[in-house]
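Input: a single structure, listed below in structure tokens.
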There are 2 protein chains.
Amino acid sequence: MTVLFSRKCEYALQGILYLAEKQYEGNISAEQIATDLNISRDFISKTLQSLVKDGIIQSHRGKSGGFSLAKDPDSMSLLDIVLIIDGNSVFESCVLGLPTCGAESPCPVHEKWGPIREASRKMLENTTVAQFQPVTGSV
Amino acid sequence: MTVLFSRKCEYALQGILYLAEKQYEGNISAEQIATDLNISRDFISKTLQSLVKDGIIQSHRGKSGGFSLAKDPDSMSLLDIVLIIDGNSVFESCVLGLPTCGAESPCPVHEKWGPIREASRKMLENTTVAQFQPVTGSV
DNA sequence: TTTAATTCGGACTATATACTCCGATTATGA
DNA sequence: TCATAATCGGAGTATATAGTCCGAATTAAA
């Protein structure tokens, strides 16, 4: 199998987008997120906890607790989440896996790959979580 | 960690490119490939065996045996190797990992991601192994 | 004919990631 | 004050991928 992002990162992105969608509904429980996204409750819970540590989302324990966004979704890009969970190796490392590949000793596809990698990075950077929030009041 | 291709696929690409470079030198042993590419002999050996099964390269046992290209490197694209080892999931599956994502119910980045994915596919498709072979006689 | 060099194939181990379980903690509200 | 509902945190299991080991088969050349 081949992946662009780790499973954990995919879940984080799905979770953040879900929270943005429900941002005017207060705390959203891991249970609800898991059910709606059809993934494991314990795993999405753990994944969201790492986003809490990073200050991107908030959590509240106890009855009617759950998760919610902690920042202005306008200032939250998809790239931010990817970097927190997976780091930037996918944007840096050689596509053929050659450890020596770089500007000085490029691999055969180094030049061709650069612009594509840059485009995907920019896409994630320019896509904010806010773009997917519902208009206030429409919920 | 995040990968675009599996380690096995990276090794396969490195191996094929190496064989193309040495294509006028007869059989190349796994030992030599492993040493020059600085990877495990047993692992590159196993990896190349799957390419042999697929008819892209040849192998010969015994003394002075080894591996060599089995096809015209002009008709051998990097995409061919990727598809053999990793399949086409990276070009098909949703970047956010949403199983329902598709033309009918696109994920938030579906439209933006399409062209980037297509560009990377085309890049691999249009890059042949032959582009990296030395000019005849120059070896 | 023997020796050395090689792939082949199967079984094995190592490691990272994915995922689960459960008890402790925290908070709400009846 | 008590029951209930939630996260937190640590430890565990499952699975896939990565990588190793070794003996058998094969071949070339001494």
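Note on naming: letters A, B, ... go to the chains in the order of the sequence lines (proteins, then strands), and numbering restarts at 1 for each one.
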For the side chain of B:K63, counting heavy atoms from C-beta on, which of D:dG19, D:dT7, D:dA28 is nearest? D:dA28

Taking C:dT6, C:dA5, D:dT7 as options, the one with an atom nearest any side-chain atom of B:S29 is C:dT6

Taking any heavy-atom pair under 4.0 Å as a contact, classify B:G65: base, sugar-phosphate, or nothing. sugar-phosphate

Among D:dC8, C:dA18, D:dA18, find the nucleotide with the atom closest to the side chain of A:Q49. D:dC8

Could you tell me whether the side chain of B:D86 and the main chain of B:V82 form a donor-acceptor pair under 3.5 Å? no

Of the listed C:dC8, D:dT20, C:dC19, the closest approach to the A:Y11 side chain comes from C:dC19

Distance check needed: D:dT20 C1' versus B:I39 CD1, whole Å only. 15 Å

Rounded to whole Å, CD of A:Q58 lies from P of C:dT26 at a distance of 18 Å

Once you round it to whole Å, what is the distance between P of C:dT7 and CD1 of B:I28? 11 Å

What nucleotide, of D:dA28, C:dG9, D:dC8, holds the atom closest to the side chain of B:S64? D:dA28

When every non-hydrogen atom of A:M123 is compared with those of B:W113, the smallest separation belongs to CE-CE3, 3.1 Å

Regarding the side chain of A:A30, the nearest nucleotide among D:dT7, C:dC19, D:dG19 is D:dT7

Whether B:T127 side chain and B:L124 backbone form a donor-acceptor pair below 3.5 Å: no

Taking NZ from B:K46 and P from C:dT13, how many angstroms apart are they, rounded to a whole number? 15 Å

For the side chain of B:S40, counting heavy atoms from C-beta on, which of C:dT7, D:dG19, C:dC8 is nearest? D:dG19

Over how many whole Å does the gap from A:I85 atom CD1 to C:dT17 atom P extend? 12 Å

Proximity to the side chain of A:D42 - top-ranked nucleotide from D:dC22, C:dC21, D:dT7: C:dC21

Quickly work out the B:L51 CG to C:dT7 C1' distance and round it to whole Å. 14 Å

Between A:Q58 and A:S68, do the side chains contain an N or O donor and an N or O acceptor separated by less than 3.5 Å? yes

Which one of B:L69, B:V129, B:L51 satisfies the side chain to side chain contact (heavy atoms under 4.5 Å, CB included) criterion with B:L19? B:L69

Nearest-angstrom distance from the residue atom CZ of A:R41 to C1' of C:dC22: 11 Å

Which residue, B:R61 or A:K8, contacts DNA chain C at a nucleotide closer to its 5' end, judged by nearest heavy atom? B:R61

Rounded to whole Å, NE2 of A:H60 lies from P of D:dC8 at a distance of 10 Å

